[in-house]
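Beneath this line is the structure, given in structure tokens, with notes to follow.
Order of listing sets the numbers, starting from 1, for every ligand and every atom in it.
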Amino acid sequence: MRERFRVVGGAHLVGEASVVGAKNSALKLMAVALLAVGRTTLTNVPAIADVTIMAELLRRLGVGVDYDAAAETVVLDVPERIGHRADYELVRALRASISVLGPLVARVGEADVAVPGGDAIGSRGLDLHAAGLEALGAEVHVTHGYLVATAPNGLHGAEIRLDFPSVGATENILTASVLARGTTTIDNVAKEPEIVDIAEMLTSMGARVEGAGTSRITVSGVDSLSPCEHSVVPDRIAAGTWAFAAATTRGDIEVVGGVADHLRAPLGALERAGCHVETTDRGFRVTATGRTLRAFDVATLPYPGFPTDLQPFALTYNAVAAGSAMVTENLFEARFRTVQELARLGADTQVDGHHVMTHGVPILSGAPVESSDIRSGAALVLAGLVAEGDTLVSGVHHIDRGYPRFEEALRALGADVTREPDDEPFE
Ligand code: EPU
């Protein structure tokens, strides 16, 4: 059933919001479990539909998966013999499925993983994934829509340098190299906390990985890995969403479980814009009550730069902040779908290539809008909170992929947001 959120404008969000485990780590860690025979337990797994899709993909590979969403736990029972194919049907529903590529080549010597199609935030290639696996000794080709990688005699260590610090390529090369013969160095890697999380889990499984979180990762291959228990790193993008929720609505939110250190660029930008940001015993707190906040220029960059996943929130914030500002998107080509929807709400914006100029207005004007991906959807809900009247945000299934029970968390902060069927005419 299609659903939408009805968002009543005029909110100042005050209170506390809890941060769950990171979607973009939990899904990858489920794939990492393939590397060891036996029972691996992941805790702090967010209760989102993507985990169910990844669970299905792993079941089709022969893994026993017990996902307890209420307990935020996934137990994966990996048998000695597993399959090697990730079907298009599942990969198109969940791009993160490609993270099984590295573990499968390493464990089985073969992987057939469907090539994901384009999606709403621009084309995303797999060339760096393929080149990395080739350097490790795999043969890689694309046939009938599948990326096929084979290494019947196993992988060997290599010196690899990425042209760009791709998150997905870093993960697949890292997970492929842990069982390779010899030493692998990977330069210009992604430094995201989710990469560090994967490296920590691999280390608990017996892998020898050094340098995660820096630009160079060194892996000394081992013969086999053992299952482990691991807790997923807190979701920095969800935490950043709450920071922007406080700023945009001129509210005051303590982000419980949020790690300020993982959000230095966005929290620094909000501080310079006029918010008060402080770390607390339980996370961090962003206060914007009664403040006049300035719009800020920002360009998205690989971590530790300003995350592309928070770019739609910067746009929404700037739309109602004082002054003019430029947001530049450097990671994805077409990630400006939020702009045309914000314009429907009365935002004053101009797009020029990968730049968006905004001229802040005091208040937006409620209207029906459509979310095109997780982050634009959540950002449009925040826009609705600072609009006059009601805003109807369609495409709630996108938001549900990244924010478990988003409306309940917003209501706990004083917002009036309800979920309703999306088949009635707009009023
Ligand atoms: N790229 C290539 N070739 C490659 C790999 C990447 O050209 O072989 C390009 C892509 O086309 C893109 C850029 O590099 O323009 C960034 O891609 P990257 O590989 O770094 O990103 P990703 O692994 O596909 C992850 C997150 C995204 C997040 C980005 C950037 C997951 C499942 N996805 O994507 O998160 O925006 O890193 O931080 O981890 C989301 O959660 O909604 C989301 C889209």
[X] and [Y] ion-paired at < 4.0 Å:
| X | Y | value |
| --- | --- | --- |
| E370 | R337 | no |
| R236 | E194 | yes |
| R60 | E89 | yes |
| D416 | R411 | no |
| R419 | D400 | yes |
| D309 | R335 | yes |

Do the ring centers of F296 and Y317 come within less than 6.0 Å of each other?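 When the ring centroids of F296 and Y317 are compared, they turn out to be within the sub-6.0 Å range.
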Could you label the plane-to-plane angle of the F406 and W242 rings as parallel, tilted or perpendicular, counting under 30° as parallel and over 60° as perpendicular?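 F406 vs W242 ring planes: tilted.
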Just let me know how [X] lines up against ligand 1, side chain, backbone, both or neither, with a heavy-atom cut-off below 4.0 Å.
| X | answer |
| --- | --- |
| R335 | side chain |
| D309 | side chain |
| K28 | side chain |
| T308 | side chain |
| Y303 | neither |

Between Y67 and T52, do the side chains contain a donor N or O and an acceptor N or O under 3.5 Å apart?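 Their side chains do not contain a donor-acceptor pair, so the 3.5 Å distance test is not met.
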Could an N or O of ligand 1 be found under 3.5 Å from any N or O of R95, whether backbone or side chain?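 Among all N and O atoms of R95, none is under 3.5 Å from an N or O of ligand 1.
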Counting both backbone and side chain atoms, is some N or O of L331 under 3.5 Å from an N or O of ligand 1?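 Among all N and O atoms of L331, at least one is under 3.5 Å from an N or O of ligand 1.
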Quick one: which of I237, L128, N24 has a heavy atom closest to atom 41 (O) of ligand 1?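 Shortest heavy-atom distance from atom 41 (O) of ligand 1: N24.
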Taking atom 18 (P) of ligand 1 as the point of reference, which of L162, V167, N172 owns the nearest heavy atom?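 Nearest option to atom 18 (P) of ligand 1, by heavy atoms: V167.
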What atoms of ligand 1 come closer than 4.0 angstrom to any heavy atom of [X]?
| X | result |
| --- | --- |
| G168 | 19 (O), 23 (O) |
| K23 | 40 (C), 41 (O) |
| I374 | 42 (O) |
| A96 | 32 (C) |

